[in-house]
Protein chains: 2
Amino acid sequence: MKLKELAEELGLSQTTVSRALNGYPEVNKATRERVSEAALKFGYSANANARRLAIGRIGAIGILMPRDRSERFGPHTSEFFSGLAEQLSRDEMDLLMSPSINNDELAAYKRLISSKRVDGIIVTGPTLMDERVAMLTEAKFPFVLHGRTNIAAPHAWLDIDNAGAFRQAATHLIDIGHRHIAMIDGLKGHTFSEHRETGYREALLERGIPVDPRFIVHERFSDETGFHEAQRLLSYTPHPTAILAGSMMTALGVFRAIRSKGYELGKEVSVVAHDDVFPYLNASNMVPAMTTTRSSIRSAGSRIAELLVRVLDGEPVESIHEIWPVELILRQSSGPPVAPRR
Amino acid sequence: MKLKELAEELGLSQTTVSRALNGYPEVNKATRERVSEAALKFGYSANANARRLAIGRIGAIGILMPRDRSERFGPHTSEFFSGLAEQLSRDEMDLLMSPSINNDELAAYKRLISSKRVDGIIVTGPTLMDERVAMLTEAKFPFVLHGRTNIAAPHAWLDIDNAGAFRQAATHLIDIGHRHIAMIDGLKGHTFSEHRETGYREALLERGIPVDPRFIVHERFSDETGFHEAQRLLSYTPHPTAILAGSMMTALGVFRAIRSKGYELGKEVSVVAHDDVFPYLNASNMVPAMTTTRSSIRSAGSRIAELLVRVLDGEPVESIHEIWPVELILRQSSGPPVAPRR
DNA sequence: GCATAAATTCAAAGCGCTTTGGAGAAATCC
DNA sequence: GGATTTCTCCAAAGCGCTTTGAATTTATGC
């Protein structure tokens with residue numbers, strides 16, 4: 001059923017029916033109800049393409065799928081996307097996922113813009129001076145950034161308080177008696193990674209604990225790197241009695257390393273992980289339950305979709321930015337340091 | 001730049017320009033080249049919505065994101081989606097991701113169809129008598145299934161040889177001396193899970209080894225369930241000397257369980273996992289490197305996108321189905337059984 | 001009760017593209 | 001060399017919707 005037919009069926013013009021359905025004020029309440037009922041009855045719903053052609057919006061937002069950079073292409077991606085999709089479907093928007101070509105990300109973004117297949121773009125995993133952000137602001141193409149940069153030009157972004165998360169975690173560990181605390185986080189250069197290191201350093205500084213550069217590790221997020229790096233850390237003398245893990249994957253590897261060295265988890269060596277809240281990797285179900293800094297990446301996805309729609313509606317980007325706090329949730333993988341049995 | 005402008009620029013009609021660009025035969029070769037060059041020069045590319053409106057195709061295919069069923073919403077999803085997106089972008093198609101509502105999946109599919117926002121649908125994770133497949137064939141809505149069902153009505157699908165994978169793995173383990181082999185796979189009801197169990201049983205049957213029902217476990221794919229179930233299995237007497245894991249996540253948990261029981265991996269207890277090929281969870285990087293049955297879920301995604309386009313082009317669905325073989329890759333996590341040291 | 005304002009409704013003009021049905025020019029045939 | 005056939009190219013009609021500008025009806029003011 002198309003608009004014309006519905007209008008004929010009702011004995012009204014297409015104009016009126018369209019307005020009734022789209023909530024325009026200049027239509028009688030009784031008429032509107034009659035139209036709505038008929039639309040429901042005949043199962044009418046507007047042809048998305050025609051509608052978009054008419055209003056001059058593509059009706060889709062784009063996001064690039066990082067292809068080779070494994071650190072950005074894990075479970076995080078799927079959670080984040082899911083949040084995006086959830087919100088976008090409410091706004092009748094499509095999500096166009098484009099794979100980046102030949103590792104030349106910037107070119108992929110440019111192509112996405114000039115393809116005219118998206119109204120706006122979502123950018124993730126920025127570096128401090130992210131060239132994509134620079135390019136997009138320069139090109140005045142609507143986008144929202146998940147994360148932050150040091151780029152001055154105004155743009156919309158949403159980030160979590162990464163510095164706060166690690167500061168909180170480290171401070172807590174210090175307060176319960178730890179003096180040797182290591183961190184294993186994502187690759188250097190990424191804003192989140194830098195911020196976390198900053199938070200970590202601040203906590204140590206504030207409590208007068210010297211920073212041992214060997215204890216700061218930047219690596220890809222994965223079970224394996226967690227395992228290897230933790231093994232290395234634990235072989236130092238003195239070894240860290242607590243490890244901050246940048247992701248749940250990393251933390252799993254750290255768990256394994258601690259056990260393989262024969263230490264007791266949460267006693268001889270504590271672990272605090274950053275938890276992006278995966279439905280299938282639950283911190284509280286682990287043994288022992290994992291102490292985490294928690295912030296839902298899925299919620300962030302939803303919210304970012306909302307923000308992008310606001311940008312598209314013309315809201316000034318200067319006013320669109322949010323920093324989400326991160327909760328520290330104490331569980332069994334962390335506790336006061338206990339001297340080894342041996 | 002729009003078509004009209006480009007046509008004026010070239011001193012041609014919109015018709016000719018459109019045809020030249022879309023590869024229609026009735027246009028002079030010289031003219032076509034002139035048009036292509038100009039298009040490139042001015043950065044012209046057709047407005048997707050206008051084009052779709054004109055040709056009567058939505059230009060997008062849909063896929064539902066399972067919301068609560070954690071077993072279907074892991075890293076698999078993101079790999080699979082990535083494969084889809086890669087191929088679809090070649091066909092100038094969008095991927096519309098819809099979250100399923102209120103756990104009523106069937107209703108979500110119906111809504112997706114009647115929303116008229118997709119030309120076709122991709123269905124994943126089927127059960128043997130999947131109601132979504134039944135509904136979609138009934139409604140004659142184009143779709144491709146990732147997996148298989150027992151439903152007779154013709155429809156397009158692509159599946160891997162799950163039975164063969166587990167048969168191969170089990171047979172190999174038996175041949176190198178194992179007599180007590182367990183399997184931990186996904187939830188019962190799903191086709192892949194049933195097929196794997198069938199393959200496992202066939203292997204045992206063929207070699208005359210009795211099937212111990214306690215050794216067949218169906219659970220969600222996750223590190224934790226792998227850990228718990230493997231611990232349970234290893235507490236039996238006699239305990240399994242080899243465990244087939246349905247996913248890499250599960251396998252990680254199984255690794256942990258084996259170690260926590262003090263067994264040596266690949267000697268006292270062997271593990272073979274099914275590997276969907278995640279860029280960030282690499283079987284050969286593990287310690288010990290994991291023996292796997294391998295099949296890329298990302299490639300499957302790409303191929304399924306291709307198949308769906310063929311369905312949309314009118315190819316009869318009866319002729320569209322593929323079964324992909326699965327390779328068994330021997331590494332260090334499996335070997336002849338060795339008696340425990342204790 | 002008539003002018004004026006407000007509330008409804010409508011006809012028609014796009015949105016940017018593809019495609020039908022011809023028309024004119026060039027090539028082929030006998 | 002005139003009649004066909006074959007190449008190229010074009011004007012115009014949609015695709016299904018929104019929106020402008022105007023017309024009609026109804027309510028309000030004095």
Side-chain angles (χ1 to χ4, degrees), chain A residues 1-36 38-39 42-60 91-94 114-119 312-314, chain B residues 1-39 42-60 91-94 114-119 312-313:
Chain A
M1 156 105 24
K2 51 180 77 169
L3 183 60
K4 192 177 169 189
E5 290 162 15
L6 184 63
E8 276 166 9
E9 193 73 40
L10 284 159
L12 289 171
S13 73
Q14 296 187 42
T15 310
T16 306
V17 176
S18 167
R19 285 184 162 152
L21 258 23
N22 290 316
Y24 279 69
E26 57 272 73
V27 54
N28 195 326
K29 196 178 165 204
T31 313
R32 188 191 302 281
E33 273 166 17
R34 204 158 63 87
V35 172
S36 307
F42 294 108
Y44 169 81
S45 99
N47 175 307
N49 287 325
R51 164 167 234 281
R52 291 164 177 174
L53 177 58
I55 62 179
R57 261 213 200 170
I58 316 283
D91 292 316
E92 298 265 279
M93 284 257 183
D94 292 351
S114 65
S115 78
K116 268 176 269 167
R117 285 152 56 77
V118 296
D119 294 312
L312 295 178
D313 284 344
Chain B
M1 157 104 26
K2 51 179 77 168
L3 182 61
K4 193 177 169 189
E5 291 162 15
L6 183 62
E8 275 165 10
E9 192 74 40
L10 284 159
L12 289 170
S13 74
Q14 296 188 43
T15 310
T16 305
V17 176
S18 168
R19 285 184 161 152
L21 259 22
N22 290 315
Y24 280 69
E26 56 274 71
V27 53
N28 195 327
K29 197 177 164 205
T31 313
R32 187 191 303 282
E33 273 167 16
R34 204 158 63 88
V35 172
S36 306
E37 270 172 34
F42 295 108
Y44 169 80
S45 101
N47 175 307
N49 287 324
R51 164 167 234 280
R52 291 164 177 174
L53 176 58
I55 64 179
R57 261 214 201 170
I58 315 282
D91 292 315
E92 297 267 279
M93 285 257 184
D94 291 351
S114 65
S115 79
K116 267 177 268 167
R117 286 151 57 76
V118 296
D119 294 311
L312 295 178
D313 283 344

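Bear in mind that the values here come from a model prediction, so they are computed numbers and not experimental data. Residue numbers start from 1 in every chain, and the chains themselves are labelled A, B, ... in the order their sequence lines are given, proteins ahead of strands.
The 5' end of DNA chain D is approached more closely, in terms of each residue's nearest nucleotide, by B:Asn28 than by the other of A:Arg19 and B:Asn28. Judged by closest nucleotide on DNA chain C, B:Ala50 is the one of B:Ala50 and B:Glu26 placed further toward the 5' end. Both B:Ile55 and B:Pro25 lie near DNA chain D, and the one whose nearest nucleotide falls closer to the 5' end is B:Pro25.
Considering only heavy atoms from C-beta on, A:Tyr44 stays 4.5 Å or farther from A:Val17 through its side chain.
Atom-to-atom distance recorded for A:Leu6:CG and A:Ser18:OG is 10.5 Å, nearest 0.5 angstrom.
Nucleic acid contact class of B:Asn22 (heavy atoms, under 4.0 Å, all strands): sugar-phosphate only. Across all strands, B:Leu3 comes closer than 4.0 Å to base atoms (heavy-atom distances).
The backbone N or O of A:Ala20 sits less than 3.5 Å from a side-chain atom of A:Arg32, completing a donor-acceptor pair. Between the B:Asn49 side chain and the A:Ile58 main chain, a donor and an acceptor come within less than 3.5 Å of each other. Remark: side-chain polar atoms of A:Asn28 are paired, donor with acceptor, to backbone N or O of A:Ala30 under 3.5 angstrom. B:Asp119 contributes a side-chain N or O that, together with a main-chain N or O of B:Gly59, makes up a donor-acceptor pair within less than 3.5 Å.
Counting 5' to 3', DNA chain D first comes under 4.0 angstrom of a heavy atom of chain B and last does so at the ends given by D:dT8 to D:dG16.
Under the salt bridge (Lys or Arg N to Asp or Glu O under 4.0 Å) criterion, A:Arg34 pairs with no residue, sequence neighbours left out.
Near DNA chain D, meaning a heavy atom under 4.0 Å away, the residues from residues 8-17 of chain A are A:Gln14, A:Thr15.
A:Arg34 has its CZ atom 13 Å from the C1' atom of C:dT8, to the nearest Å.
Of all heavy-atom pairs spanning A:Ser45 and B:Lys116, the tightest one is O-NZ, 3.5 Å.
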